[in-house]
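Reading through the structure tokens given below for one structure.
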Amino acid sequence: MIMAKKLSTQNSFPPIQKPTYYITTPIYYPSGKWHLGHSYTTVCCDALARFKRMSGFDVYYLTGTDEHGQKIEERAAAAGLEPKAFVDGLVGEIKVLWKLLGISNDGFIRTTDENHKAAIQRIFTTLYEKGDIYKSKYKGRYCTPCESFWTASQLKEGDKCPDCGRDTVEAEEDCYFFRLSKYREPLLKLLTESDFLQPASRVNEMVNNFLAEEGMLEDLAVSRTSFRWGIPVPFDDGHIVYVWVDALSNYITALGYGSDDDALFQKYWPADLQMMAKEIVRFHSIIWPALLMGLGVPLPKKVYGHGWLLFSGGKMSKSVGNVVDPFILCNRYGVDAVRYYLLREISFGQDCDYATENLLTRCNTDLCNDLGNLVKRTTAMARQYFGGKVTKSAKDVGTEFDAALIEKINALHSEVSAKLEKLEISRSLETLFDLVSSANKYIDLTKPWALFKETKNEERKTKNDGGDAVEKTLNAVLYNLLEAIRVSANMLLPFIQNAPAKIFASLGLPVPDDFSAMKYGAIDTYQTTESEVLFARLDVKKELEELELLTNNEKRITNNVGGDGDKEPNAKSSPEPRTPNPESRGKERSDNNMITIDEFAKLELKTAVVTACEKVEKADKLLKLTLDVGGQMRTVVSGIAASYAPADLIGRQVVLVCNLQPAKLRGIESQGMILCAVDENDKPVIVEPGRAVPSGSTVR
Ligand code: ME8
């Protein structure tokens, strides 16, 4: 009976449905080295997804990889691999990169997923049956890197691709067309009469170049016969679905559209925000909505084309080769520093020149000087003056400087939220750090050390106020500072996660998962501990010199293979081995320390990425590592616990001896050995490549 009653009560109060929020990055081409440009979009979306989750939304954050097409087919062939094996290694790497960068994606779609392929075939068939796709003949110019056909009027001077500026080739083939021209008017209306495409500056560009006049928007070739690596048109052998139809549709197929289970699609579509850089805005603001109109599917609410991260004056890009390696930056400066730089330095929507010097300076000024020092100074004073215990004060206790600080604390959430809602990401961090600066200034104004000295003043004590009033003021000052720190750290959580977690630990509080306590006075008593150093000060000159050495080393390796190093990302990207003297082949060792080249060649050494790591129970020295060796997983037990905590190793590249006989250590089968140097204290130091190379690369 009781049970029945309970159930009926539950039924009458259904759980409150949270509003949904669906956010997407582009799906990236696994065609070369992953760089800071990819990290930029993914980190921005991550900050927004985390902000929305903490604001009470039921968020679905999607990213993934765009794996089909001629470009990938050609790159795989150049690397001597099947396309699937080629992309598997790079997809494994991007997943490790996202883990390293703390990306909180809910879904990861690969266009080689079986359910995606089946859904694309259904989408293509539906559009064909509705008459929006028809068969005809294509004759014109084709840009292979962009996988785009262009009409004569669209080409740049010299028959160059209008998107990337590279040469196009003559192409003629039977193909299927999508009736894009039919959607010119609704698209024009969409772009000019709503906020669908942002920032507004991109609207003019799309309208003027593609939509303004009748006849400007031509039907789109949506099948290819010149290569095989793609999704076949289900009813016409030999035709492959155009890679952009395949790719754009990921945003709905990832939610189950076109499958037997479309619950996620029903729940999250239409997307609230689809983010990308400006070079692919045309695909997302013209082709994508037209395809959806053809399918009768609602349109995304907002498409946002942000600017580029520029390097040496041009767009940082795999094909140009001017890329900055996020693995190196994260391993050297920490994930918080890289995320903070990307989110703070770049005025969202604009282009920005990348400079490592700016990253290092941001670290030193904002993170180390402003935030790190504020936390360090405050928690040290709390320990020294009150043994760490600081309590909320009565209203009339405090200093003349309190009101301004408290006002800023109380305004922080609404001000930062308002900016984030407008996608002013960098400005929202500016506001946040304004509070941090104000708190530092408040210390200078209130001089807690002087107040403390006063509480100790013998003369006052004999006057019989025992220093109590001053002590209360000092407590109030520290309380205000702790509140400023707490609220700032709470607001920082969508942007960076490690430092706020350490801050909450030193405040003696759990890490919040929402913004419900953003007002001043939410905590009655703090029991703090002195904070560890949050951000070490970097020697900018020394760092730049060391990074240059690393980059030169990278160039040297690249020059050795005679290319831009990202053309053959898998098997062939390591330098050629030194040519052994034929005379020495197979020769006996000349003395006891020497081995022949043939003996050395027996070692199978490969690079691997650490994807998971944990301590081995009851073994102080051992760590169990899970390694991704070019898409294949290995377990290795290694005696390096004295030098590394498990978390230090996740995402790091190591060198693995792959053909070592497996051995059981503490009941775990160790399938290889990682190479370590031994330092001056006899402790192991892992051997890492001078730059991140695809996992599974040969070491020789
Ligand atoms: O275009 N600055 O994939 P892609 C800022 N597969 N953002 C950058 C950047 C830079 N220098 N470089 C890359 C594709 N990005 C298609 C997308 S979606 C249906 C298919 C980011 O690997 C930015 O988001 O070339 C850009 O739009 C995207 O990576 C291009 O990634």
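Whatever order the structure lists them in is the order used to number ligands and atoms, beginning at 1. When reading the values below, keep in mind they use all heavy atoms of this one structure, side chains included, and skip hydrogens, waters and symmetry mates. Bear in mind the structure is a predicted one, so any value in this text is a computation, not a measurement.
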Legend entry - Check: Met276 N/O within less than 3.5 Å of ligand 1 N/O: no
Inset, instruction - Please confirm whether Tyr251 comes within less than 3.5 Å of ligand 1 when only nitrogen or oxygen atoms on both sides are compared. - result: no
Legend entry - N or O pair under 3.5 Å between Pro26 and ligand 1: no
Inset, instruction - Check whether NZ of the Lys or CZ of the Arg Lys267 lies under 6.0 Å from the centre of the six-membered ring of Tyr60 and within 45 degrees of that ring's axis. - result: no
Legend entry - Residue Lys301 excluded, over 12 heavy atoms near NZ under 6.0 Å: yes
Inset, instruction - Tell me, please: is Trp288 in heavy-atom contact with ligand 1, that is, under 4.0 Å? - result: no
Inset, instruction - Identify, by atom number and element, the atoms of ligand 1 in contact range of Ile280, meaning under 4.0 Å from any of its heavy atoms. - result: 1 (O), 17 (C), 27 (O)
Inset, instruction - Can you sort out the partners of Asp366 under salt bridge (Lys or Arg N to Asp or Glu O under 4.0 Å), two or more places apart, ordered by chain and number? - result: Arg362
Inset, instruction - With heavy atoms only and a cut-off of under 4.0 Å, state how Thr41 meets ligand 1: side chain, backbone, both or neither. - result: side chain
Inset, instruction - Would you mind telling me if ligand 1 is within reach of the side chain of Phe311, the backbone, both or neither, using heavy atoms under 4.0 Å? - result: neither
Inset, instruction - Take the angle between the ring planes of His306 and Phe348 and call it parallel below 30°, perpendicular above 60°, tilted in between. - result: tilted
Legend entry - Distance filter under 4.0 Å to Glu279 heavy atoms, resulting ligand 1 atoms: 26 (C), 27 (O), 28 (C), 30 (C)
Legend entry - Close approach of Phe283 to ligand 1, heavy atoms, under 4.0 angstrom: no
Inset, instruction - Please indicate whether any nitrogen or oxygen in Asn250 is less than 3.5 Å from any nitrogen or oxygen in ligand 1. - result: no
Inset, instruction - Indicate yes or no: does an N/O atom of Ala277 lie under 3.5 Å from an N/O atom of ligand 1? - result: yes
Inset, instruction - May I ask you to decide if the ring planes of Tyr251 and His284 are parallel, tilted or perpendicular, using 30° and 60° as cut-offs? - result: tilted
Inset, instruction - Using side-chain contact (heavy atoms from CB on, under 4.5 Å) as the criterion, point out the one residue from Leu492, Leu420, Val416 that pairs with Leu429. - result: Leu492
Inset, instruction - Would you please classify the geometry between the Phe265 ring and the Trp269 ring as parallel, tilted or perpendicular, with 30° and 60° separating the classes? - result: parallel
Inset, instruction - Tell me whether the guanidinium CZ or amine NZ of Arg282 lies under 6.0 angstrom from the six-membered ring centre of Phe210 and within 45° of its axis. - result: yes
Legend entry - Min heavy-atom dist Lys278 to ligand 1 below 4.0 Å: no
Legend entry - Contact check: Asp66 vs ligand 1, nitrogen or oxygen atoms, below 3.5 angstrom: yes
Inset, instruction - Measure the acute angle between the ring planes of Phe178 and Tyr183, then classify it against the limits of 30° and 60° as parallel, tilted or perpendicular. - result: parallel
Legend entry - Matching residue for Tyr340 among Tyr333, Phe495, Phe433 - test: ring pair (Phe, Tyr, Trp, His ring centres under 6.0 Å): Phe433
Legend entry - Polar proximity ligand 1 side, Tyr29 side, N/O cut 3.5 Å exclusive: yes
Inset, instruction - Give a yes or no answer on whether the side chain of His116 reaches the backbone of Asp246 with a donor-acceptor pair at less than 3.5 Å. - result: yes
Inset, instruction - Within a distance under 4.0 Å of any heavy atom of His35, pick out the atoms of ligand 1 and give their elements. - result: 12 (N), 13 (C)
Legend entry - For Ala247, atoms of ligand 1 separated by under 4.0 Å from a heavy atom: 19 (C)
Inset, instruction - Give a yes/no verdict on whether any heavy atom in His306 is under 4.0 Å from an atom of ligand 1. - result: yes
Legend entry - ligand 1 contacted by Gly307 (non-hydrogen, < 4.0 Å): yes
